[in-house]
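Single-structure report; data block below.
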Amino acid sequence: MLDTVERVKGMYKVEETKKGIKVFGVKDLNPKHLFECGQCFRWNLNSRGHYIGVAGGRYAEIVYSDGVLEIIGTTKEDFYTFWFDYFDLGRDYSRIKEELSEKDEYMRQAVQFGSGIRILRQEPFETLISFIISANNNIPRIKKCIENLCRNYGDRIQDDVYAFPKPQNLANVCENELSDCIKAGYRCNYIVEASRLFIEQPFSKEKFQETDIEKARRFMREYKGVGPKVADCILLFTGSFYNAFPVDVWVGKVMTNLYKVSTQKEIDGFVQEYFGALAGFAQQYLFYAIREGFLTVQTT
DNA sequence: ACCCAGGATCTAC
DNA sequence: GTAGATCATGGG
């Protein structure tokens, strides 16, 4: 399948309001699915039941209803320069879901359950550090560590809102101090080392443009604390490789029990053949459905 | 006290 | 290249 991100940003009608903007004609988006499928860690529900969070140094409140995406706290200009890409609004997810639904019944149900998932195009450094923290950790604690990290080392952008730290701000901190501040344990060493390497050897979707996924995976694993699973998370959630397929314990169980593949090499060979360019999307639908308890897999 | 969490690293074979 | 122990931290 060819890349479907060819439609121009003018595909949506955008209206500026007192609080922010409204984008009309947005399909295949559900804030709960989007923010709770495990791809991001800085979006939370507020007292009104809306998701608030920070991305790209910008604070926003997200409301979605009947094809209208409201982004409170932003401008038309910021929408076109940042949020459009962040929410991957140029991609036709209906086509992706149709194609994946035809694969098998299990996949069809996963897609139906997480119908409002989109893969956010997140910032490389934030994604790198966040998923280093994610290793052998649980989601509530990952979110706490990252929040602590931002409060202590990120720029304050509003009253009680902090941006994700810049690499320079983490590259020279004392590991013990970092550990005391963010409570990420032994991962603090990885964070400092990775920050230093990122400064001298950064990466981005653009940098990977002419690179194949295997080479990109080897590149990512040069960062301390980045193994096979975390590498694919970073490549997928920065929008660099949509055929990346992170295998955590849950997705691993699906692969073993349903598709009868087990080793990393076996799994990747299978998903590249079976899901092709849509492997990354498939992974997210599967992960979300399993984690939410909608689909089950044998644990024995 | 023990086990687990979107695993990765280090060591030994 | 691969099986096994170890790695902070907090919640159940």
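All values below were derived from every heavy atom in this structure, side-chain atoms included, with hydrogens, water molecules and symmetry-related copies excluded. The chains referred to below are lettered A, B, ... by the order of the sequence lines, with proteins before strands, and numbering in each begins at 1.
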Under 3.5 Å, N/O pairs linking protein and nucleotides 2-4 of chain B:
none

Is A:K32 positioned over the aromatic face of A:Y288, cation under 6.0 angstrom from the ring centre and no more than 45 degrees off axis?
no

Remember a base hit wins even if backbone is also touched, and classify A:F41 as base, sugar-phosphate or nothing at under 4.0 Å, heavy atoms.
nothing

Choosing from C:dA8, B:dT9, B:dG6, which nucleotide comes nearest the side chain of A:R187?
C:dA8

Where do A:F113 and A:Y285 land on the ring-ring contact (aromatic ring centres under 6.0 Å, His included) test, with the steps shown first?
CA-CA 8 Å; A:F113 181 72; A:Y285 292 119; over 10 Å; no

Distance to the ring centre below 6.0 angstrom and angle to the axis at most 45 degrees; does that hold for A:K9 and A:Y80?
no

note: A:I146, atom CD1; B:dG6, atom P; distance rounded to Å ~ 13 Å

The answer to which of A:K144 and A:Y190 contacts DNA chain C further toward the 5' end, by nearest nucleotide, is A:Y190

Would you call A:V14 and A:F79 a side-chain contact if the rule is heavy atoms closer than 4.5 Å?
yes

Sugar-phosphate only, base, or nothing, as touched by A:Q284 at under 4.0 Å among non-hydrogen atoms
base

Which part of the nucleic acid, if any, lies within reach of A:P228 when heavy atoms closer than 4.0 Å are counted: base, sugar-phosphate only, or nothing?
sugar-phosphate

I'd like the P distance from C:dA3 over to B:dG6, given in whole Å.
24 Å

Rounded off to whole Å, could you give me the CG-to-C1' distance for the A:D180 and C:dT9 pair?
13 Å

Atom-to-atom span, CD1 of A:I142 to C1' of B:dG6 - whole angstrom:
6 Å

Are any of A:T263's side-chain N or O atoms less than 4.0 Å away from OP1 or OP2 of C:dG1?
no

Integer angstrom distance from the P of C:dT6 to that of B:dC2:
14 Å

Would you measure the distance from the P atom in C:dC7 across to the matching atom in B:dC3 and give it in whole Å?
16 Å

Go through C:dG10, B:dG6, C:dA8 for me and flag the one nearest to the A:N136 side chain.
C:dA8

With a 3.5 Å cut-off and heavy atoms only, can you find an N or O donor on one side and an acceptor on the other between the side chain of A:Y186 and the base of B:dG7?
yes

Using the P atoms only, state how far B:dC10 lies from C:dA8, rounded to an integer number of Å.
13 Å

Between B:dG6, C:dG10, B:dG7, which one does the side chain of A:I139 approach most closely?
B:dG6

Over all strands shown, is A:K229 touching base, sugar-phosphate only, or nothing at heavy-atom distances under 4.0 angstrom?
base

Separation of B:dA8 atom P from A:R217 atom CZ, nearest Å, is 12 Å

note: A:E193, atom CD; B:dT9, atom C1'; distance rounded to Å ~ 13 Å

Does A:R291 reach a base, just sugar-phosphate, or nothing at all? Heavy atoms under 4.0 Å.
sugar-phosphate

Among side-chain atoms of A:Q283 and A:Y242, is any donor-acceptor pair under 3.5 angstrom?
no

Classify A:V249 by what it touches in the nucleic acid, base, sugar-phosphate, or nothing, heavy-atom distance under 4.0 Å.
sugar-phosphate

With a non-hydrogen cut-off below 4.0 angstrom, is A:G225 in contact with a base, only sugar-phosphate, or nothing?
sugar-phosphate

Calculate the interatomic distance between A:K183 atom NZ and C:dC7 atom P; express it in whole Å.
18 Å

Got a salt bridge between A:E61 and A:R48, using NZ or NE/NH1/NH2 to carboxylate O under 4.0 Å?
yes

Considering non-hydrogen atoms only, spot the tightest contact between A:M220 and A:A231 and give its length.
CB-CB, 3.9 Å

Do A:E147 and A:R151 sit within salt-bridge range, that is, some charged N less than 4.0 Å from a carboxylate O?
yes

Nearest whole angstrom, please: distance from the P of B:dG6 to the CZ of A:R141.
11 Å

Working note: A:F82 + A:F87, criterion ring-ring contact (aromatic ring centres under 6.0 Å, His included); need CA distance, chi angles, decisive distance, verdict.
CA-CA 9 Å; A:F82 180 76; A:F87 287 115; 8.5 Å; no

Distance check needed: C:dG10 C1' versus A:N148 CG, whole Å only.
13 Å

